[in-house]
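Just so you know, these numbers come straight off a predicted model, no measurement behind them. The chains referred to below are lettered A, B, ... by the order of the sequence lines, with proteins before strands, and numbering in each begins at 1.
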Amino acid sequence: METVSKALVAEDDRALADIIRLALTRGGYQVTVAHDGKKALTLATHSKFDVVVSDYQMPMLNGEQLLSGIRAEGASQEALLFLCSAKSFELDSERIKRELRLSAVFFKPFSLGELVSTIKSHQTAALA
Amino acid sequence: MPTKNSNSNRTLRQVLVVQGVSTVLVVAAILGFAGLPPWQLPMLSGVLVALLIAVGSGFAMYRSLFSVLSIESRLSQLGASSTNTSDASSLVLEPATGNNSADFGWNRLVDAGRVWQAVDELQKTLLASMTDRRRGTGPQLLDSLSEGVATVDSDGKITYANMALAAMCGQTNGEALQGKPLAEAFGVDAATAEKLIADTDSPQTTQEWGVQSGAVERIFRGHRRPGRKNDGGAISFVWTIRDITQQKLADSMRDKFLATATHEFRTPLANIRAYAESLDMSDDLDPESRKRFYNVIQSESLRLSQLVDDLLDISRMQAGAMALECRDTDLGRLVEEISQKVEGEMREKNLDYRCELPPKYPKLQLDKGKLAAAIVNLLGNAAKYTPEGGRVTFRVDVNNHRVEFAVTDTGIGISEEDLPRVFERFYRCNDDRVREITGSGLGLALTQEVARLHGGEVAVQSKINEGSTFSITIPLNSTAV
């Protein structure tokens, strides 16, 4: 029996969180949404997620702090991590990507189709 | 050794001898002819004519020669009386009083000499004036520069500093810095001092260093160029130093603005793109979802549009080009419209929104649109930074002199450090709770400008974690700018 991958979306912009949830659900994921970093970390620590998609600028904990916390300990330590950001040159995305072993960084505005296909390809590569 | 004077006397004597010999020869010829027959009389006539010509020309020659010799003699006397022959102006040129040709010639020479003396004097005066000017205006020019200029010796000690450099070092004149090492004059740390020490072998270089001045760090950029002695040995370095604190601050503000503006543009764009893509890709969407998607695109477009307007207003404000369109305004109606605009937001966040309004409003000449936007901005901020269940009060107070619009909230408040800067353009408080909420940092700057253009002012009182009160006060006799 094929298992459904679990995705956690951490995004404080509710409209964007809703549409990412829809896209991932249509892509076959079981999606949980958190609107701030702290709530997302609690969820990722206690439940095992295969994929975490996080915004950078969020209340309570920013994206870097959240993904760093997920990598440090908890049930989702080995999840594929994706960071989305509206920041540009002031965000040292290469450093964050290297240090937190991120699969990819997306800069807003990004294509939902591309987001879903990138997540899927990384998952496939990880399973191979 | 013969002098010019004795030479001219000898020449005169020679002329007189020649003249005498000619006369003797002519007389002898007359005597010779006396015993000759009459047919030889024409010859005598010729001799007499020759005699007359000889006497006349001799006299003319004598006169010319006398004039030349006389002038030469006077020039010789003039030369002998002058101690410095290279200085023409020191010669005393006295005209002759006689009427003979020598006197006329001499006087012409005196006139020409006086003209040359005047030209010489003028030349000297101009030269002296230019030399003095160079001496006087050189330092003046350097002191009028906004850039600091200093020369330092090979030990790094200041040998000259202009006024601007003295001011950079907290001194009123450059003399106070002479002999001091440049690094000491600026009060820099050891590492920076190392950079500023002159190295005779190094080529020209540019350095930047910071100096703590109270709570502010002043940044300087100095360009050092080696100066050379005539014999080729290094004697000094010339520093041109500029205070670039404001430039650095402006650069930092521009970077922050770019970062904020980019972020603020990207967020609604992300929604527009994601919802548009979903509409395009999802043929099976139910009509209700489809309508919701369109609404999101529309509201995010409005958000972008508002951001563009704010940026344009800020830009106009910076250029001093923001103008009001004042008309007779019904204040009661304005307050009503403002409340209608914000009530939805207050309700959505479950805030206790209260209005405290006066029984009567005066009519005022106002730019209704801009003032309403300023007050809505204050109410919007109150709603954004007040946790759910908090209270926001909109109070309008009118007396004989002014009308005050005050917005009080029970929100997160503003720290003492942030409070003086909240009206600065692009400034956002260093509070994570503020950073978590989107905002460009332009709203309060625009509100302040709108109040100022109406002849009024804005004020803020706040306590961290307890809440804030922002107010706009406009005089009733407001003469809008």
Parallel, tilted or perpendicular: which describes the rings of A:Phe82 and A:His122, with under 30° parallel and over 60° perpendicular?
-> perpendicular

B:Ser278 versus chain A, the contacting section by heavy-atom distance below 4.5 Å | side chain

Counting only heavy atoms closer than 4.5 Å, note whether A:Ala23 contacts chain B via side chain, backbone, both or neither.
-> neither

Is there side-chain contact between A:Ser85 and A:Gln57, with heavy atoms separated by less than 4.5 Å?
-> no

Answer with side chain, backbone, both or neither: which region of B:Phe293 has an atom nearer than 4.5 Å to a non-hydrogen atom of chain A?
-> side chain

Tell me, with the steps shown, if B:Glu449 and B:Arg316 meet side-chain contact (heavy atoms from CB on, under 4.5 Å).
-> CA-CA 11 Å; B:Glu449 185 64 5; B:Arg316 280 193 207 107; over 6 Å; no

Would you call A:Asp13 and A:Lys108 a salt bridge, using N to O less than 4.0 angstrom?
-> no

Which region of A:Leu91, side chain (C-beta onward) or backbone (N, CA, C, O), has a non-hydrogen atom less than 4.5 Å from a non-hydrogen atom of chain B, or is it both or neither?
-> neither

So does B:Lys248 pair up with B:Glu208, basic N to acidic O under 4.0 Å?
-> yes

What part of B:Ser299 lies closer than 4.5 angstrom to a heavy atom of chain A: side chain, backbone, both or neither?
-> neither

Residue selection (most heavy-atom pairs with chain B, distance under 4.5 Å) from A:Ile19, A:Asp55, A:Ile20, A:Leu112 = A:Ile19

